[in-house]
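Worth saying up front: this structure is predicted, and the values here are computed from it rather than measured. We name chains A, B, ... by the order of the sequence lines, and we start the count at 1 in each one.
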Protein chains: 2
Amino acid sequence: MLSDVMEDYLKAIYQLQGEHEERIKTSAIADALEVTSPTVTSMLEKLEERGLVDREKYRGVTLTDEGETVALEVVRHHRLLEAYLTEHLDYDWSEVHAEADRLEHHISEDFEARVADALDEPEVDPHGSPIPSADLEPPDRSAGKSVTEFAEGDVVVVEEVADHDPEVLSYLATHGVEPGVELEILEVAPFGMVTARSSETVDDVSLPEGVAHHVRVTPLPQAES
Amino acid sequence: MLSDVMEDYLKAIYQLQGEHEERIKTSAIADALEVTSPTVTSMLEKLEERGLVDREKYRGVTLTDEGETVALEVVRHHRLLEAYLTEHLDYDWSEVHAEADRLEHHISEDFEARVADALDEPEVDPHGSPIPSADLEPPDRSAGKSVTEFAEGDVVVVEEVADHDPEVLSYLATHGVEPGVELEILEVAPFGMVTARSSETVDDVSLPEGVAHHVRVTPLPQAES
DNA sequence: ACACCGATTTAGATCCATCTAACCCTAAAC
DNA sequence: GTTTAGGGTTAGATGGATCTAAATCGGTGT
């Protein structure tokens, strides 16, 4: 059996691998989990012993297939919970992350199955992030690009808002930046700030780079007249 | 902040106080939580330091008001979860206990409130046990008596089935012993076994003392013709 | 090539919850 | 009243997750 903490490390590594590919450094994990690097080093040793990560001293880790499966299970729990909380308990998308983070390690397989059933096997959570399927096959994580990669005049559809800060999410929601909406890019500043107009609201929104980076979009399938 | 484990100790003490009154002995807690007595002793010392229990060395503990409040909060979480799981996620009453035990320490106050709201502030859980109210005032725990205290010919209504074993609960359900049903007492054997006929089923049920003790009932309000 | 800086690992300590073994208290039996 | 059996507590160890301080690695720049 794995501890909650081990699951958190595996989840963190999985998510970092999704962002930057390849080997994940000790310090990146330490930042993500808010612990010190020696703590991470000793945890990585334990995970390595259990065959959940491949480690090269001083050069970072990658998940083994087994480690990835565990991470996917945790992510599935997390995102199913997020979906359930918004659908059935009237949570706002800005609030679900913290609650799901607390519960994800403590639900049974049975609970997972019942929640998935109640939601009719959803494919994405309220932030547009894909929910790993019950068989825990690694999902495609290449859907969408950061909105920062587009240019003035492009029209895009928001696929995913991969931020967890409730304040940021509330802000985005009130300015019409949510999965499914269309965004017309008005400006991409050299320092990464994106200004856009949402199909949902009248006002324009400006997203500082840190935020914009988490807004993943796809080009509008059909050009508009 | 209290650890999950501390909450478990307080809940266990609360429940033991409900059964046998007064001081709770180290060994009773050790049995309930499946740990050794030295472990309990050292935990009780910590709880005493925090003002959650009153301890008299070699003679057991009682909850302080503060400790009782914590216990009631945990019990409220537990029973609300049990009610929610049966009402909204199609769980059977025999299955909810284990799941609620895992989740009870990890839900937020917000989650608790939303669940209570979705259920319209229920007063009892699926086993008929009272759910402490949101203000955490100690509820009356004298409702009902053990079915073992009645005699042949008595007709009673099941108020609560305070057992947690899924096997026992399934057995009871298939034999018509659930909160709300009427039971006609057919025999109370000298060694405590109770035989009764449920208003729900044709067969008679026999309950060995250990089980019967957990079936709490009240005399039928109106005598039948 | 070499030195240096930043990141990583090693070393050693702490706190929590748990255990076993050994000792000791309380209450019941005589 | 003494004795004794059974349960409670003390002592000391373990394993998990964390920390700080100190040593060490590795890539960068000259």
Side-chain angles (χ1 to χ4, degrees), chain A residues 1-14 16-17 19-63 67 70-71 74 101-102 104-106, chain B residues 1-14 16-17 19-63 67 70-71 74 101-102 104-106:
Chain A
M1 258 305 86
L2 297 180
S3 68
D4 300 358
V5 176
M6 285 176 174
E7 290 184 356
D8 279 331
Y9 278 81
L10 295 172
K11 184 177 84 160
I13 296 165
Y14 176 79
L16 291 165
Q17 282 188 311
E19 285 170 30
H20 302 311
E21 295 296 318
E22 58 191 315
R23 266 201 246 308
I24 304 305
K25 289 176 300 172
T26 300
S27 56
I29 300 168
D31 288 351
L33 298 178
E34 301 189 292
V35 295
T36 59
S37 4
T39 304
V40 175
T41 298
S42 81
M43 187 71 242
L44 292 179
E45 283 166 359
K46 288 174 206 156
L47 293 174
E48 187 181 29
E49 272 172 28
R50 296 186 183 226
L52 298 165
V53 300
D54 284 326
R55 196 162 92 96
E56 273 188 67
K57 257 196 196 174
Y58 295 101
R59 320 172 124 257
V61 290
T62 56
L63 292 176
V70 173
V74 179
D101 246 13
R102 264 181 267 114
E104 64 190 5
H105 306 297
H106 306 288
Chain B
M1 257 306 85
L2 297 180
S3 68
D4 299 357
V5 176
M6 285 176 173
E7 290 184 355
D8 278 331
Y9 278 81
L10 294 172
K11 183 178 82 160
I13 296 165
Y14 176 80
L16 290 166
Q17 281 189 310
E19 284 170 30
H20 302 312
E21 294 298 317
E22 57 189 316
R23 267 202 245 308
I24 304 305
K25 290 175 298 171
T26 300
S27 56
I29 300 169
D31 288 351
L33 297 177
E34 302 189 292
V35 294
T36 59
S37 5
T39 304
V40 175
T41 299
S42 80
M43 188 72 243
L44 293 179
E45 284 167 359
K46 287 174 207 155
L47 293 174
E48 188 181 29
E49 273 172 29
R50 296 187 183 225
L52 298 164
V53 300
D54 284 327
R55 194 162 92 96
E56 273 189 67
K57 256 196 196 173
Y58 295 102
R59 320 172 124 257
V61 290
T62 56
L63 292 176
V70 173
V74 178
D101 246 13
R102 265 180 267 114
E104 63 191 6
H105 307 296
H106 305 288

What is the separation between atom [atom1] on [X] and atom [atom2] on [N], rounded to the nearest whole Å?
{"X": "M6(A)", "N": "dT18(D)", "atom1": "CE", "atom2": "P", "value": "10 Å"}
{"X": "Y58(B)", "N": "dC25(C)", "atom1": "OH", "atom2": "C1'", "value": "5 Å"}
{"X": "E34(A)", "N": "dA17(D)", "atom1": "CD", "atom2": "C1'", "value": "16 Å"}
{"X": "I29(B)", "N": "dT18(C)", "atom1": "CD1", "atom2": "P", "value": "12 Å"}
{"X": "L2(A)", "N": "dG16(D)", "atom1": "CG", "atom2": "P", "value": "12 Å"}
{"X": "L10(B)", "N": "dA17(C)", "atom1": "CG", "atom2": "P", "value": "12 Å"}
{"X": "M1(B)", "N": "dA17(C)", "atom1": "CE", "atom2": "P", "value": "13 Å"}
{"X": "D31(A)", "N": "dA7(C)", "atom1": "CG", "atom2": "P", "value": "10 Å"}

Go through residues 41-57 of chain A and report each residue with a non-hydrogen atom lying under 4.0 Å from DNA chain C, sorted by number.
->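 When residues 41-57 of chain A is checked for heavy atoms under 4.0 Å from DNA chain C, the hits, listed by number, are T41(A), E45(A), R55(A), K57(A).
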
Residues two or more places apart in sequence or in another chain: which of them pass side-chain hydrogen bond (donor to acceptor under 3.5 Å, both in side chains) with E49(B)?
->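 Counting only residues at least two positions away or on another chain, E49(B) forms no side-chain hydrogen bond (donor to acceptor under 3.5 Å, both in side chains).
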
Provide the closest heavy-atom pair for V53(A) versus L44(A) in the form atom of the first, atom of the second, distance.
->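 Taking V53(A) first and L44(A) second, the nearest heavy atoms are CG2-O, 3.9 Å.
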
Heavy atoms only: give me the nearest H106(A)-R102(A) pair and the separation to one decimal.
->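 Looking at all heavy atoms of both residues, the closest pair is CD2-O, 3.1 Å.
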
Apply side-chain contact (heavy atoms from CB on, under 4.5 Å) to H105(A) and list each qualifying residue two or more places apart in sequence or on a separate chain.
->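 Residues passing side-chain contact (heavy atoms from CB on, under 4.5 Å) with H105(A): D4(A), E7(A), D8(A), V74(A).
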
Residue among V70(B), L10(B), L47(B), I24(B) satisfying side chain to side chain contact (heavy atoms under 4.5 Å, CB included) with L63(B) =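 Output: one option passes, namely L10(B).
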
Measuring from M6(A):CE to K46(A):NZ, what's the distance to the nearest 0.5 Å?
->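 Rounded to the nearest 0.5 Å, the CE-NZ separation comes out at 6.0 Å.
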
With side chains defined as the heavy atoms from C-beta onward, is the minimum distance between R50(B) and L2(B) less than 4.5 Å?
->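 Counting from C-beta outward, R50(B) and L2(B) do come under 4.5 Å.
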
Does a nitrogen or oxygen in the side chain of [X] sit under 4.0 Å from OP1 or OP2 of [N]?
{"X": "Y9(A)", "N": "dT18(D)", "value": "yes"}
{"X": "S27(A)", "N": "dG6(C)", "value": "no"}
{"X": "T39(A)", "N": "dA17(D)", "value": "no"}
{"X": "T36(B)", "N": "dT18(C)", "value": "no"}

Candidates dA17(C), dT8(C), dC19(D) - which lies nearest the side chain of V5(B) |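 Among the listed nucleotides, the one closest to the side chain of V5(B) is dA17(C).
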
Minimum-distance nucleotide to K25(B) side chain [options: dT9(C), dG8(D), dA17(D)] =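 Among dT9(C), dG8(D), dA17(D), the one nearest the side chain of K25(B) is dG8(D).
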
Provide a list of protein-nucleic acid N or O atom pairs under 3.5 angstrom, restricted to nucleotides 2-4 of chain C.
none

Give the intermediate values and the outcome of side chain to side chain contact (heavy atoms under 4.5 Å, CB included) for residues E22(B) and Q17(B).
-> CA-CA 6 Å; E22(B) 57 189 316; Q17(B) 281 189 310; over 6 Å; no

Do the side chain of R23(B) and the main chain of R59(B) share a donor and acceptor less than 3.5 angstrom apart?
->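 Yes; judged by distance alone, with no hydrogens or angles, the pair exists.
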
Test: K11(A) and D101(A) ion pair at under 4.0 Å =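 Yes.
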
Under 3.5 Å, which donor-acceptor pairs do the side chains of residues 29-41 of chain A form with other protein atoms, sequence neighbours left out?
unit_1	atom_1	unit_2	atom_2	d
T36(A)	OG1	T39(A)	OG1	3.0
T41(A)	OG1	S37(A)	O	3.2

Which pairs, protein N/O on one side and nucleotides 27-29 of chain C N/O on the other, fall under 3.5 Å?
unit_1	atom_1	unit_2	atom_2	d
dA27(C)	OP1	R59(B)	NH2	2.7

